[in-house]
Chemist: 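Handing you this structure, nothing more for now.
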Number of protein chains: 2
Amino acid sequence: MNYSIKDIAKKCGVSTATVSRVINNKGKYSKETEAKVLKVINDLGYKVNSNAQTLRTKISKTIGILVPDINNHFFSDIVQKIEKLLFDLEYSTIICNTDRNQVKENNYLNILESKNVDGLIIISGSSNSFSFEGKQKYIPYICIDREPFEFSNTIFISSNHLKGAEDATRFLINKGVKHPLIVLPKKLSISSESRLEGFKNVLKEYSISFSEETNTLVLSYNNDNSDILQKFFNNNHKVDGIFAVNDNLAIEIIKFLKLFNIRVPDDIQIVGFDNIPASKIISPELTTVSQNTNQISEYAVNKIIDLINGKAKTGTTIIVPTKIIERNSTK
Amino acid sequence: MNYSIKDIAKKCGVSTATVSRVINNKGKYSKETEAKVLKVINDLGYKVNSNAQTLRTKISKTIGILVPDINNHFFSDIVQKIEKLLFDLEYSTIICNTDRNQVKENNYLNILESKNVDGLIIISGSSNSFSFEGKQKYIPYICIDREPFEFSNTIFISSNHLKGAEDATRFLINKGVKHPLIVLPKKLSISSESRLEGFKNVLKEYSISFSEETNTLVLSYNNDNSDILQKFFNNNHKVDGIFAVNDNLAIEIIKFLKLFNIRVPDDIQIVGFDNIPASKIISPELTTVSQNTNQISEYAVNKIIDLINGKAKTGTTIIVPTKIIERNSTK
DNA sequence: TTGTATGCGTTATCAG
DNA sequence: CTGATAACGCATACAA
């Protein structure tokens, strides 16, 4: 059986109102009653019922996080950091793994709304843009890494993918690369698109011509890409530098090149993106562009809390700088 | 503003009771009223308030998961799988990152209890054994990988660490290893202890003498172990096979051995434990003992649901077999 | 400083 | 088939 505020009140010979006040530090009671109430609460191991509390106050002290895939290090890293920060602010976090699935995402959105979360943090997702409209009640939300459909309702936080990619490409060229290649996944997220754009920008900057066939290579996840890779490198002997749009791709390529005795970085230099742990394990260790997940997480929680308290306004975008981590896949 | 069942009732010209029945498919209403109610619900975008619902019914259709570190692949893998299974059963999941911190763990336990979760899944944790007692209400819980203090209140699910370690050690010996070494982290979890025990068992089986100094090496996480490693291998030239109690340790050693031109597997063969993604990235690729996270996850959700429905009894233990994944760090 | 009474949104009982 | 109403546990306006 569960104790309620009523039980405490009865045991103390006070009213439920008083108990409630004590619990919530609202003042308006004597030291003695406070002590008495606290003691009974402690003795009985009483705990508030947050459902009742939320029903009454409309405040749940809970933030929902939507994350596409908790197994992906970049995401789990951010989630873990956000969770930690929120915990310190006495918010609890409901982490929802959407599996990159639109239906699941909507489903969770409804659940979170019905649970009365105070705010939402949306990390990337299945579609490039996100809108949280048509709901009954406005719930403040932050978008990380996925552009909101309607900027005016939210705050958008993202790494500077464009500049990160430009830096990476320029880095390669400064290391002597004459024939740069960008490696992309099959379906481009909004951030991958920016990275591609950054790559192109720098080619233009250095008057290097760009063609899809020779400067672009598309790989698919989970599938065996060896045929594609083999065909590509048979036809493009000149490639001497690769910007892989993410570390997983970069690693796949390094493994492939090793197999074919193409030396990294001597024959081909490679830069990745994301700085996942595996980038330090592959040999040669991977030079990569790292996203500042600390800063992203901090902005996300600061802003969501501010929004909840009406201290921030929506319609803004925060761009977080990236950094090149130089390792041994470049000269 | 938020619509309630009352608003729907009024708009439909029926009572709240009827609306509730329709929502919950309880029957006792005509086709026409059903249609009418459903239409209004849809038009208004009404959503139930789960706090009110849970307050009333004591059922939240929510499971809490306590996980030490969501950044650790073994954990995030299990969490992700559990979440998926629960989602299909229309349970939502609250994932709590305890940061291997006892205080945080307790804190979350209280929060989850006050949110009226229907059940708990506890993955490993800060202490070797876990007990969820002294609470007002019994909440069914499952322990994964961490022995419960009191078996009778829970169901314990774990890989067969002992046998996994025995297999690994025997595997090494069968590959010709004469001087096996086990590498351990500083503080041993209950599962690491079992793995050590398994290692010792097999040495005995093959009449290989065991001494802490020559057959054991302790490394610490996050610190630079190169001094320790160097000293050890200077004094122990004979070592020709290593069982690392987990893949991270194994990888660290491989990297070290490479640096000192000790060849893997030619000079020293290595087997890890856990089959983390990085084990396929290191070269040579790591032979390792993989835990069956699919099966662990499935058992966990089946059992917690059964417990909730009173269809399983506590006090049992489920041991899940492991499997050796042979790769190139062994001959 | 304390207590009474009301309502948050739901479900369930009971009467019709 | 339908409706009125009480109760879940809590916080608060108001009265004392």
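Order of the sequence lines sets the chain letters (A, B, ...), proteins ahead of strands, with each chain counted from 1. Reckoned from all heavy atoms, side chains included, excluding hydrogens, waters and symmetry mates. Since the structure is predicted, the reported quantities are computational estimates derived from the model, not experimental observations.
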Chemist: Of all residues at least two apart in sequence or in a different chain, which pass the side chain to side chain contact (heavy atoms under 4.5 Å, CB included) check with A:T314?
Modeler: A:Y138, A:L307

Chemist: By nearest nucleotide on DNA chain D, pick out whichever of B:T57 and B:E34 is the more 5' one.
Modeler: B:E34

Chemist: Whole angstrom is fine here: how far is it from CG in A:N2 over to P in D:dC8?
Modeler: 12 Å

Chemist: Using a cut-off of 4.0 Å on non-hydrogen atoms, how would the nucleic acid contact of A:V19 be classed: base, sugar-phosphate, or nothing?
Modeler: nothing

Chemist: Check every strand shown and say whether A:N51 touches a base, only sugar-phosphate, or nothing at a heavy-atom separation below 4.0 Å.
Modeler: nothing

Chemist: Starting from P on D:dC10, measure out to NZ on A:K47 and report it in whole angstrom.
Modeler: 13 Å

Chemist: Whole angstroms only, please: what is the CG-C1' distance between A:N24 and C:dT2?
Modeler: 16 Å

Chemist: Just compare C:dT10, D:dC1, C:dA5 and give me whichever is closest to any side-chain atom of B:K28.
Modeler: D:dC1

Chemist: B:R21 side chain: which of C:dC14, D:dC8, C:dG9 is closest?
Modeler: C:dC14

Chemist: Side chains of B:S15 and B:T18: is there a donor and an acceptor less than 3.5 Å apart?
Modeler: yes

Chemist: Counting side-chain heavy atoms from C-beta on, which of C:dT10, D:dG9, C:dG3 comes nearest to B:L55?
Modeler: D:dG9

Chemist: For C:dT2, does either OP1 or OP2 sit under 4.0 Å from a side-chain N or O belonging to A:T33?
Modeler: yes

Chemist: Please figure out whether B:A17 or B:A52 has its closest DNA chain C nucleotide nearer the 5' end.
Modeler: B:A52

Chemist: In this structure, how many angstroms lie between the P atom of C:dG9 and the NZ atom of B:K10, rounded?
Modeler: 12 Å

Chemist: Salt bridge or not for A:D88 and A:K84, using N-O below 4.0 Å?
Modeler: no

Chemist: If I take atom CD1 in residue B:I5 and atom P in nucleotide C:dA12, what distance separates them, rounded to the nearest angstrom?
Modeler: 11 Å

Chemist: Report the distance from atom CG of B:N25 to atom P of C:dA12, rounded to the nearest whole Å.
Modeler: 13 Å

Chemist: Would you indicate which nucleotide in D:dT2, C:dT1, D:dG9 comes nearest to any side-chain atom of B:S30?
Modeler: D:dT2

Chemist: Of all the choices, C:dG3, C:dT2, D:dC8, which nucleotide is nearest to the side chain of A:V14 once you look at every atom?
Modeler: C:dG3

Chemist: Is it true that A:D43 and A:K39 have a side-chain N and a carboxylate O under 4.0 angstrom from each other?
Modeler: yes

Chemist: Would you say that B:H73 contacts A:H73 through its side chain, given a criterion of any heavy-atom pair below 4.5 Å between the two side chains?
Modeler: no

Chemist: Looking at the side chain of B:N49, which of C:dT10, D:dT2, C:dG3 is the nearest nucleotide?
Modeler: C:dT10

Chemist: Write down the distance between OH (A:Y29) and P (D:dA16), rounded to a whole number of angstrom.
Modeler: 24 Å

Chemist: Among the nucleotides D:dC8, C:dC8, C:dT4, which one has an atom lying closest to any side-chain atom of A:S15?
Modeler: C:dT4

Chemist: Between the side chains of A:T62 and B:K115, does any donor sit under 3.5 Å from an acceptor?
Modeler: yes

Chemist: Within the structure shown, what part of the strands sits under 4.0 Å from B:T54 by heavy-atom distance: base, sugar-phosphate, or nothing?
Modeler: nothing

Chemist: Do the side-chain N or O atoms of A:Y46 get closer than 4.0 angstrom to the phosphate oxygens (OP1, OP2) of D:dC10?
Modeler: yes

Chemist: Quick one: is B:K26 getting a side-chain N or O under 4.0 Å of the C:dA12 phosphate, OP1 or OP2?
Modeler: yes

Chemist: I need the NZ-C1' distance between B:K6 and D:dA4, as an integer number of Å.
Modeler: 13 Å

